[in-house]
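It should be emphasised that the depicted structure is a prediction, and the values quoted were computed from it without experimental measurement. Here is how names work: the chains are called A, B, and so on, in the same order as the sequence lines, proteins then strands, and each is numbered from 1.
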Amino acid sequence: MEHKLSLERIVMPIASLLLVFAIWQAAVIVFAFPPYILPRPLDILYNMVTRFHIFWNAALVTFWQVIAGFVAGSIAGVALALVMSLAPRLERTAMPVVVLINCVPPMAFIPLALIWFGLGPNSKIAMAALAVVFPVLYNCLAGLKRVDEGSVNLLRSFGANPLTVLWKLRLPAALPLLVTGLRIGMTRSTIAVIVTEMVGAYSGLGQIIYRSTALLEYLDVWSAVFAASIGSLVLYALLTALDSRLVWWK
Amino acid sequence: MSTRYHAILGLVITALIWEASVHLFQISPRYLPSLYAIYQDGASVSTDLARGLLRTAIETLLGFATGAVVGILFGILFNYVRLAERLLLPIFIVSQTIPVIAFGAIVVIWFGNSILSKVVISFYLTFFPVALSTLRGLQSCDVAKIDLMRSFGASYWTLFIKLALPTALPAIMVGLRVGISLSLAGAIVGEWFGDTVGLGVMLLQALFFEQTVRVWLLILVTGFLGAVFYGAISLVERKMVWWNTN
Amino acid sequence: AEAVSVRLKWLPQAQFAGVYMAQEKGFYKDAGLDVTINPGGPNIAPETLVASGSDTFGILGGTEVILFSREKGLPLVAVGMLQQISPHAFVAYDDSGIESVQDFKGKRVATWFAGPQYTLFSMLAAEDVDQADVDIVSQPFSMQPFIEKQFDVAMVTTYNELNVLREGGINNIRLFYPGDSGVISQQDAIATSEQMIRDKPEVVQAFVEATLKGWKYAFENKEETIDTVLKSGTGLERRHQELMLDELEKLMVVRRGKDEGLGAIDLESISAVQDNLVAFEGLKAPVDLSAAFDTSFWEKTPAESKKVAE
Amino acid sequence: MATIHKLHQPDERGQTPSLLTLEGVWKRFKGKGSETVAVKDLNLTISQGEFVTLIGPSGCGKSTLFNIIAGLTSPDDDGVVTLNGKAQRGDDLLGKVSFMPQRDLLFAWRTVLDNAALALEVEGVRKSEARKRAQALFPEFGLDGFQDKYPHELSGGMRQRVALMRTFLFERDLILLDEPFGALDALTRMMMQKWLLDIWMRHKRTVLFITHDIDEAIFLGDKVVVMTARPGTVKSVETISLPRPRDTDIVTTPEFMDIKRRLLASVEEESMKTFNVAGAT
Amino acid sequence: MATIHKLHQPDERGQTPSLLTLEGVWKRFKGKGSETVAVKDLNLTISQGEFVTLIGPSGCGKSTLFNIIAGLTSPDDDGVVTLNGKAQRGDDLLGKVSFMPQRDLLFAWRTVLDNAALALEVEGVRKSEARKRAQALFPEFGLDGFQDKYPHELSGGMRQRVALMRTFLFERDLILLDEPFGALDALTRMMMQKWLLDIWMRHKRTVLFITHDIDEAIFLGDKVVVMTARPGTVKSVETISLPRPRDTDIVTTPEFMDIKRRLLASVEEESMKTFNVAGAT
Ligand SMILES: Nc1ncnc2c1ncn2[C@@H]1O[C@H](COP(=O)(O)OP(=O)(O)OP(=O)(O)O)[C@@H](O)[C@H]1O
Ligand SMILES: Nc1ncnc2c1ncn2[C@@H]1O[C@H](COP(=O)(O)OP(=O)(O)OP(=O)(O)O)[C@@H](O)[C@H]1O
Ligand SMILES: Cc1ncc(C[n+]2csc(CCO)c2C)c(N)n1
Ligand SMILES: [Mg+2]
Ligand SMILES: [Mg+2]
């Protein structure tokens with residue numbers, strides 16, 4: 001039973017993705033799209049395999065930055081949520097500023113990140129962190145606040161201070177929403193790094209996309225995008241596994 | 001009442017710190033310009049700014065509206081049709097790992113140079129978090145309550161309307177709040193694909209002409225626009241999920 | 001009127017003044033065209049849009065981009081070349097000790113890796129400098145790293161980044177022009193698709209003529225031109241646009257552009273660039289230049305439409 | 001009141017037909033590694049119009065049995081549940097019995113009035129009509145004036161009464177009540193008991209009633225079913241032949257005392273099994 | 001057991017000192033437009049080591065009163081709450097009384113064992129030690145074997161017992177119990193009652209106990225406090241001078257019957273006020 005379920009969890013997504021690729025391949029052939037409008041997935045795959053080392057090296061650079069930024073941003077997001085849930089007045093004061101910053105498209109911060117943190121990995125890590133911090137903050141905060149008042153009172157009656165309430169009650173109750181935030185943040189942080197690399201970087205998948213677009217190397221553009229997707233999916237899958245670990249009681 | 005007071009307080013404090021540090025530490029305008037300089041720059045392009053603001057606002061709202069509706073619908077579908085979740089959710093996730101910005105030309109070829117292409121991008125960024133939050137919200141429904149409704153012979157539809165949806169509403173609202181800022185970001189990126197009007201176009205100009213003051217001006221104006229939308233959603237939330245507030 | 005569109009390689013600015021003036025002064029309308037001007041943006045690949053027929057015409061990248069497009073099978077044809085010499089140049093600080101291209105050796109030199117890097121390669125080759133001796137890095141579209149001296153040498157366009165530097169009060173710099181090393185690389189091609197040339201040559205002819213007329217008018221009426229460009233409504237700065245237009249005049253009204261008229265296609269220099277590209281393996285094999293460049297429309301354009309008054 | 005089903009006439013042979021029968025019903029819960037048998041080989045027959053009370057030690061499987069009868073939990077495949085002579089499979093039972101769970105399960109976003117009217121709304125009664133019918137019960141349930149409050153503003157006993165109202169408004173032949181009066185004070189409880197008996201006598205609906213109060217079980221029931229400790233099955237069925245209508249004073253009669261003593265002994269024996277330290281303290 | 005406070009010796013004058021006093025305590029809930037007065041001008045004194053039981057009609061303000069004493073709800077400003085002679089303001093009372101709420105409030109993500117050990121953990125006891133101490137109580141509470149289950153796998157009565165264990169492990173002078181035995185069967189209930197009395201006698205902890213069962217109130221209490229209908233205040237205090245230790249048989253003695261009759265009348269009078277249709281059915 002358990003076994004079948006996890007099999008289904010792996011087989012079904014792969015099946016559906018294969019289906020999409022099949023439709024795509026067929027459509028390109030049937031409608032005779034030129035490669036500069038839409039290349040064939042098999043050609044992209046072939047390109048990825050033959051020039052594997054290029055994309056692999058770029059992906060290593062990119063995803064190292066993604067992970068670093070994701071971790072930093074998640075920690076910052078959870079920390080902010082914790083602080084705000086402990087100090088509601090701070091929340092009400094700081095939230096408008098947070099909202100304001102979050103509503104600025106991250107791209108607008110790219111040049112500033114490049115100015116502040118340079119062309120190296122730091123600016124990418126900063127942008128990735130920025131992309132995660134808000135979904136994590138929003139979701140985590142909502143999770144922390146949705147606990148039953150009766151349960152909070154129970155802990156208070158045991159003399160629990162707000163920190164203990166946070167640790168024993170609010171945090172476990174917030175986990176499902178927190179993981180949702182992490183999942184949304186995961187895909188966003190990959191994109192943030194790639195877009196930042198496109199604007200300014202020495203290497204990485206984003207640079208490949210940027211250069212190849214200008215040089216009309218469509219297969220390289222698509223290959224780099226595929227590589228980014230695959231990496232992002234792997235990380236997403238790890239998070240999903242974490243989800244069923246953390247939220248085991250559901 | 002006091003929420004509004006705190007909000008204004010927060011913004012004022014931030015502004016004061018900003019202005020004070022610019023003057024105290026003699027920060028170069030390249031890194032951080034003074035608020036007054038930003039204000040002056042804004043006044044000098046006020047007509048263009050107003051026009052861009054209006055245009056971007058419309059794109060954002062259209063993209064958000066469609067994204068929210070479709071996101072909620074898919075969240076619901078995923079909750080009730082397991083096969084759909086297994087088949088489509090992975091594709092949705094994959095779709096979110098694609099940097100649209102890499103495919104400007106394709107977007108223009110498919111959706112033209114009209115407002116449609118901005119709406120599509122903003123839609124594409126919005127629907128995913130909304131769908132995910134909706135799904136999570138629906139899943140958080142108390143099984144005992146579902147059983148109670150079933151014992152009354154409730155149809156799936158009744159169960160959904162009277163129990164599942166209200167239960168999921170708080171989570172959906174979180175999704176919408178994440179969605180609105182993404183929707184705005186989508187509209188701005190969309191305007192980078194060869195548009196003539198909008199905050200995104202102005203931002204792009206400023207970025208590549210390295211007009212730091214203008215970049216900050218646009219950051220503040222977009223942030224303000226997003227905050228207004230966010231506030232509106234919070235207002236709706238307070239009206240719709242009143243029971244969750246205490 | 002025939003409804004057509006033109007896709008610019010970048011956002012509205014004086015770089016495309018001719019197109020805006022042709023529109024503003026009714027040259028397009030007089031030629032029976034109803035033109036929509038579509039700006040460009042980052043990663044929007046205007047070549048693809050013109051090749052796919054999504055846009056009728058384009059003010060596209062220059063020599064290299066047209067060659068690459070042909071190699072990739074895009075049915076693009078250049079029917080005019082606006083900038084007669086390369087707008088690219090390299091800057092170094094006066095106190096950097098870099099006095100000539102020879103001195104690039106062992107230094108960190110930044111270039112845009114979106115095509116202009118081949119101009120650098122050609123320059124180095126022409127000056128007998130081995131690429132391997134130079135630390136060549138990718139440059140973002142911001143001069144900040146150069147200002148902060150993260151690079152020793154950086155690339156600029158003379159109509160934009162150079163002015164950005166100067167406006168920022170940075171004048172203690174030295175410039176290295178490709179032309180001084182004998183590298184000519186025409187930029188900003190007026191291009192359309194093979195299909196247009198086949199099906200509606202008269203429309204192509206009308207567009208080329210009206211556009212060049214627009215440029216001629218722009219250089220003869222700079223004040224009015226700047227006013228028009230600023231109306232694009234994206235918050236442009238007047239001073240910067242004036243400098244840009246002045247610089248474009250230097251790039252366009254020079255060599256054949258000065259003697260024979262705006263927009264001349266210099267197949268000789270193009271051929272030289274192609275040889276370089278093949279040598280540096282930017283291109284795998286030479287492309288058919290006669291298919292990629294069609295000079296006939298330019299030739300049929302009367303001198304009074306393209307020759308700027310002295 | 002179109003929704004009242006009129007199925008409770010004696011059949012042609014003049015016998016009270018059996019409404020519900022359970023034969024050899026099992027329910028096992030599988031955890032990781034362990035298995036809990038909640039209900040074991042249970043046989044039970046409830047006749048049309050009967051008032052059956054159910055007692056048994058805590059955790060013996062009473063609520064599980066109720067869930068099975070309400071159609072919410074499907075029993076393991078080895079047994080048969082029959083309603084009105086028809087074997088019930090899967091979801092068949094849903095909507096056929098009126099069920100009050102042990103927890104009140106009020107909806108936080110509905111006012112007290114709307115919570116009470118919920119089952120009616122689900123049935124398809126117009127909202128205004130549903131409210132009117134719910135409204136009519138408020139004084140009787142001692143909740144008048146609380147119609148527009150939200151559940152979090154009620155006391156525990158008040159919430160229980162709202163849940164009870166909700167159940168009664170869902171009019172079905174068979175009513176399942178899982179400790180409905182657990183959180184009520186003596187008098188409110190007594191009033192509710194009388195009220196329930198009154199409803200039952202007038203409409204001859206069939207009631208299956210879980211309680212921990214043996215007095216209550218005897219006072220209300222036609223028969224009292226005693227369940228064994230987990231795995232729960234029927235230990236004994238005591239038919240209560242006390243005359244009806246019964247008065248509160250009946251609890252002091254010797255007959256009552258007699259039955260009580262017997263049942264108490266029976267339940268105690270079972271409860272004892274639950275505790276490892278038999279006869280602790 | 002360092003956490004047991006030893007404050008219950010009689011003072012120098014040989015009198016049992018009062019542990020808790022409430023003077024003129026009010027609690028009003030403000031809704032939109034309306035105001036509910038839950039507790040009205042309430043006066044109550046509880047002495048060191050006393051076992052006080054509290055009865056009153058449903059919704060009269062008992063749980064509200066408990067919340068006030070536990071420090072969870074602050075009373076309106078007009079009254080004074082004094083613990084050990086010290087006036088208590090704001091959050092002062094938190095952590096000083098051991099409190100079992102009416103709903104069980106078990107945490108879904110904790111096993112039964114960890115739920116029971118929760119209060120100890122909050123106190124700062126090491127996790128392994130907390131578990132060990134919780135573990136020791138499982139057989140007595142009839143929950144042995146369920147240590148590693150999750151709350152959703154328990155029956156209603158079992159959940160209540162876990163909540164009760166959690167409360168007992170939090171050892172404080174004053175214990176507040178809000179209908180702790182509501183969902184227990186007769187015998188389990190009786191065993192728990194005896195067990196509670198035993199704990200109380202041995203440790204002389206002070207207990208304030210809400211129940212709806214008048215027998216239980218009399219059987220357990222040194223005194224029974226009767227509350228009026230809402231707005232709740234103290235209607236009367238009945239001192240129970242039945243000898244201790246009390247045996248189950250005591251419920252049949254004439255003294256017991258006498259007290260019961262009196263209390264029943266008292267509560268009934270109050271309950272009646274809740275119902276608009278006085279004497280319905
Ligand atoms: N948060 C609240 N907001 C508004 N009114 C409340 C709130 N909590 C309780 N009340 C009201 O206060 C009164 C007393 O409630 P309380 O829970 O103290 O009653 P109780 O005596 O414990 O009843 P029961 O025996 O039914 O549990 C009730 O009328 C209730 O409606
Ligand atoms: N979802 C479940 N998963 C695993 N075990 C369960 C589940 N539900 C109930 N059980 C087990 O089944 C047994 C019977 O539970 P049930 O709730 O039917 O008892 P009950 O007779 O209603 O008890 P109470 O009088 O305390 O409410 C218990 O031992 C319980 O632990
Ligand atoms: C991503 C991107 N950013 C900026 C420009 C503008 N720009 C800077 S240098 C230059 C000349 C290159 O030939 C141009 C057009 C661009 N085109 N693409
Ligand atoms: Mg039960
Ligand atoms: Mg209560």
Q.
Is B/Phe229 in contact with chain A via its backbone, its side chain, both, or neither, using a 4.5 Å heavy-atom distance?
A. neither
**Q.** Contact class of B/Val174 relative to chain A, heavy atoms under 4.5 angstrom
**A.** side chain
**Q.** Gap between atom CG of A/Leu114 and atom CD1 of A/Ile110 - 0.5 Å precision
**A.** 7.5 Å
Q | B/Ile101 versus chain A, the contacting section by heavy-atom distance below 4.5 Å | A | both
(Q) For residues 216-226 of chain A, give me every residue with a non-hydrogen atom less than 4.5 Å from any non-hydrogen atom of chain B. (A) A/Val221, A/Trp222, A/Val225
Q) By a 4.5 Å heavy-atom criterion (distance strictly below it), what part of B/Val189 contacts chain A: side chain, backbone, both, or neither? A) both
Q: Count the heavy atoms belonging to other residues, nucleotides or ligands that lie under 6.0 Å from CH2 of A/Trp116, then report whether that count exceeds 12.
A: yes
Q: Output the option from A/Leu112, A/Val195, A/Thr213, A/Val199 having the highest count of non-hydrogen pairs under 4.5 Å with chain B.
A: A/Leu112
Q. Ring centres of B/Phe92 and B/Phe78 under 6.0 Å apart?
A. yes
Q.
Test of understanding: with ring-ring contact (aromatic ring centres under 6.0 Å, His included), list the residues that count as partners of A/Phe31, not counting sequence neighbours.
A. A/Phe33
Q: Please determine, among A/Met95, A/Arg183, A/Met186, A/Arg89, the option with the most heavy-atom pairs under 4.5 Å with chain B.
A: A/Arg89
Q.
Looking only at heavy atoms and a cut-off of under 4.5 Å, which of B/Leu9, B/Val12, B/Leu199, B/Ile98 has the most pairs with chain A?
A. B/Ile98
Q.
Rounded to the nearest 0.5 Å, what separates atom CG in A/Leu235 from atom OG in A/Ser189?
A. 7.5 Å
Q) Going by the angle between their ring planes, with limits at 30° and 60°, are B/Phe127 and B/Phe123 parallel, tilted or perpendicular? A) parallel
Q: Could you pull out all residues at least two apart from B/Leu220 that satisfy side chain to side chain contact (heavy atoms under 4.5 Å, CB included)?
A: A/Leu100, B/Trp18, B/Leu35, B/Ile38
Q. Should the pair B/Arg177-B/Glu237 be classified as a salt bridge under the 4.0 Å nitrogen-to-oxygen rule?
A. yes
Q.
If the condition is side-chain hydrogen bond (donor to acceptor under 3.5 Å, both in side chains), which residues does B/Ser133 pass it with, not counting sequence neighbours?
A. none
Q.
Tell me which of these, A/Thr180, A/Ile230, A/Ile209, A/Ile194, has more heavy-atom pairs under 4.5 Å with chain B than the rest.
A. A/Thr180
Q) With only heavy atoms counted, which part of A/Thr190 is less than 4.5 Å from chain B, the side chain, the backbone, both or neither? A) neither
Q | Toward chain B, the part of A/Ala108 with a non-hydrogen atom under 4.5 Å | A | both
Q | Distance-minimising heavy-atom pair for A/Gly181 and A/Asn139 | A | CA-ND2, 3.4 Å
Q | Proximity breakdown for B/Tyr31 and chain A, heavy-atom pairs closer than 4.5 Å | A | both
Q.
Quick check on B/Val178 against chain A: is it the side chain, the backbone, both or neither that has a heavy atom closer than 4.5 Å?
A. both
Q: Grab the two heavy atoms, one from A/Phe109 and one from A/Ile101, that are nearest each other, plus how far apart they are.
A: CE1-O, 3.9 Å
Q: Could you check which of B/Ile106, B/Ile91, B/Ile93, B/Thr14 has the highest count of heavy-atom pairs closer than 4.5 Å to chain A?
A: B/Ile93
Q. Of the listed residues (B/Leu132, B/Leu32, B/Leu89, B/Ile8), which shares the most heavy-atom pairs with chain A below a 4.5 Å separation?
A. B/Leu132
Q.
So, taking the atom named CH2 in B/Trp110 and the one named CD1 in A/Ile37, what distance separates them when rounded to the nearest 0.5 Å?
A. 9.5 Å
Q. Is it true that A/Glu91 and A/Lys145 have a side-chain N and a carboxylate O under 4.0 angstrom from each other?
A. yes
Q.
Can you tell me which portion of B/Leu203 sits under 4.5 Å from chain A's heavy atoms? Options are side chain, backbone, both or neither.
A. side chain
(Q) Can you tell me which portion of B/Leu182 sits under 4.5 Å from chain A's heavy atoms? Options are side chain, backbone, both or neither. (A) side chain
**Q.** A/Val97 portion near chain B, given a 4.5 angstrom heavy-atom threshold
**A.** both
Q: Classify the angle between the aromatic ring planes of A/Tyr236 and B/Phe128 as parallel (below 30°), tilted (30 to 60°) or perpendicular (above 60°).
A: tilted
